[in-house]
Amino acid sequence: MKVSLQGLSWSARQRIIVDDVTLEIASGETFGLVGANGSGKSTLLRLIAGLMPRARGEVQLNGTPMSRLSRREVAQNLALVEQHADTDEALTARDAAELGRTPWLSALRPFGPADSAIVDQALEMVGMSHMADAAWDTLSGGERQRIHIARALAQQPGVLLLDEPTNHLDIHHQLSLLQLVRSLPVTVILALHDLNQAMECDRLGVMQGGRLIACGPPQEVLDPALLAQSFRVGARVLTDSHDSARLFRFHCIED
Amino acid sequence: MKLASPHNARHPVGGLALLCWWLGGMLLLMMAILLGVIIGETPLPLDTVAAVFANNLWNASYPVERIDAGIIWNYRLPRTLVAAACGAGLALSGVVLQALIRNALADPYLLGVSAGASTGAVAVTILGVGGGALGISSGAFIGAILAFSLVAALARAAGGGSAQLVLAGIAGSQLFNALTSFFVAKSANAEQARGIMFWLLGNLSGVRWPDVSLAVPAAIFGLVVCLWYIRAMDAFAFGARSAAALGVHVRRVQLVLIGAVTLMTATMVSLVGSIGFVGLVIPHVVRMLTGPRHAQLVPVAALAGAVFLIAADIASRLLIPGQVVAIGVVTALVGAPGFAVILIRNRRRS
Ligand SMILES: Nc1ncnc2c1ncn2[C@@H]1O[C@H](COP(=O)(O)OP(=O)(O)O)[C@@H](O)[C@H]1O
Ligand SMILES: [Mg+2]
């Protein structure tokens, strides 16, 4: 599913948080958002999901303005995994994943075996089938994160928005999550803070002070000058002799 | 891949199983109602009760004492039916408010809705607000809406969290209770004042058939609305924004559900006064049985609320021989310790 953003902006208390972001993301693309803390990545993802009040600009899904879709239709096409989403309810992991079926159900179309199969499959994809019956408050941060992703997959969306999905995950699950996300036949927009992981994306957008200051293939976008400017780090590029992949090694620049 | 798990046991989704559950629930409710009719200061034998029911429902003509027939049909049955409807309505109100506000303390009593409804009802009866055009129930409804709007506005001004809402609710309850007392002191005569104070604590003794025709439809309406929105209430588990991301039209759901809660609370308060702790305690107890999913929580909480309030009504008639204790006193005597237990249990879990 193709996603186009036109002049997306959002401000709070006279402060511009996201500033006029215009962007086209192709169907099936894995698009990474990078930027320092507070640069507006999470807000931009929520704007794309249509969840911010008083938003300016437009989001189009396959050329249809999202404002013409109902909330339910939006949720059938687009799933968001937020950074901090927690509950006090005594849910099981599977209960939480089943919430992903919400946009497909109604009082007249109850949860059925087909939905159950979709949820099973989503749990399988994030490697959480064996913990389906665990209580939410006994799950670790990483396990909760994977359940949130299973919930988003159970929505069967065309667009998946992930806000720093590799936070809390151990290194194995970080890598397998990124691999999973890249292999899905859906458009993925994800905020990342690990720049070496960001190198795996098809394209990257760099956020700074709410603006999209650079956008393109990772090798072109992440050059040492930009890293110094927007992340305030010095970077040396190393090349892995095994597959000639590029890696960064960072050091702090004092200012 | 599919595991036989306690989780699956919690989802008897099969049509037949579901029917059995509903029938079982109905049976339980009927039994409670029957007990509510039989038990009282003068216990009436089952065959008398059966005869009176047959006489009234099917025009049968079994010989029954006039007084017994009157007690059963005009006094105990309407009273028990209203108790059931109120219990169901209050428990459902608690379920809805706890789901939407995401706070274990949310219930119509603590959020000031009941207090607002009392003020509205008193304003209509004593001050004559509305000049006779407004019934007590409409007065209570307007009072309940005003109270909740005020509480919501105050919570928003205080930063808008769920803790703020509960605190604002406490302030709102105090304000509206004070207003009620003020109206009573200003305009009621001594006898009226006594009556109102007794009614405010929750009192079913004046209930007759016309009250049934308000309370039962209000409770059934509330139940249907809640059943319609079980998925939406589930989706609030991770907060309102997450519900919106799952396709829930948050504003509409909040408006409809809170509207239903205000309607139920106002109806119940205008009939029997404000009864605390049912909306708070019943949903928590039921959650321990059914888990947090609303497909099970909503119907079971309605049933449990109904049965609980019938039992409380029976207790209020028997507790002190020769005297009726206000039903609100009974629910508080049971509910307050019950709630303490829940608080402690929840702390242990987290
Ligand atoms: N609702 C809000 N009201 C006011 N400021 C906000 C709000 N949401 C986010 N911000 C501010 O916007 C900036 C960007 O936040 P965010 O999008 O979370 O950044 P990132 O995800 O890149 O770290 C932060 O400085 C944050 O304080
Ligand atoms: Mg963020």
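Within every chain, numbering begins at 1; the chains are lettered A, B, ... in the order of the sequence lines, protein sequences first and strands thereafter.
For L161(A), no part sits under 4.5 Å from any heavy atom of chain B, backbone or side chain. If you measure heavy-atom distances from A85(A) to chain B, the contacts under 4.5 Å come from both the backbone and the side chain. Only the side chain of W136(A) comes within less than 4.5 Å of a heavy atom of chain B; its backbone N, CA, C and O stay farther away.
Looking at R71(A), its side chain does come within 3.5 Å of a backbone N or O of A244(B) through a donor-acceptor pair.
Of the listed residues A232(B), A245(B), A295(B), the one with more heavy-atom pairs under 4.5 angstrom with chain A than any other is A245(B).
Nearest heavy-atom pair, L91(A) versus P292(B), reported as atom, atom and distance to 0.1 Å: CD2-CG, 3.6 Å. Of all heavy-atom pairs spanning T87(A) and A237(B), the tightest one is OG1-O, 2.7 Å.
For R68(A), the CZ atom is loosely surrounded, since the number of other residues' heavy atoms within 6.0 Å does not exceed 12. Taking a 6.0 Å sphere around CD of Q179(A), one finds it holds 12 or fewer heavy atoms contributed by other residues, nucleotides or ligands.
R151(A) is listed as a side-chain neighbour of L246(B), based on a closest heavy-atom distance under 4.5 Å. With contacts defined as side-chain heavy-atom distances shorter than 4.5 Å, the pair F238(B)/H148(A) qualifies. Between R293(B) and D95(A), the closest side-chain pair of non-hydrogen atoms falls below 4.5 Å. Taking the side chain as every heavy atom from C-beta outward, R231(B) and L99(A) never approach each other to under 4.5 Å.
The CZ atom of F111(A) lies 11.0 Å from the CG atom of D234(B); values are rounded to the nearest 0.5 Å.
Residue-level contacts of residues 100-108 of chain B with chain A, in order of numbering, are R102(B); threshold 4.5 Å between heavy atoms.
Considering only residues two or more places apart in sequence or on other chains, F236(B) meets the ring-ring contact (aromatic ring centres under 6.0 Å, His included) condition with none of them.
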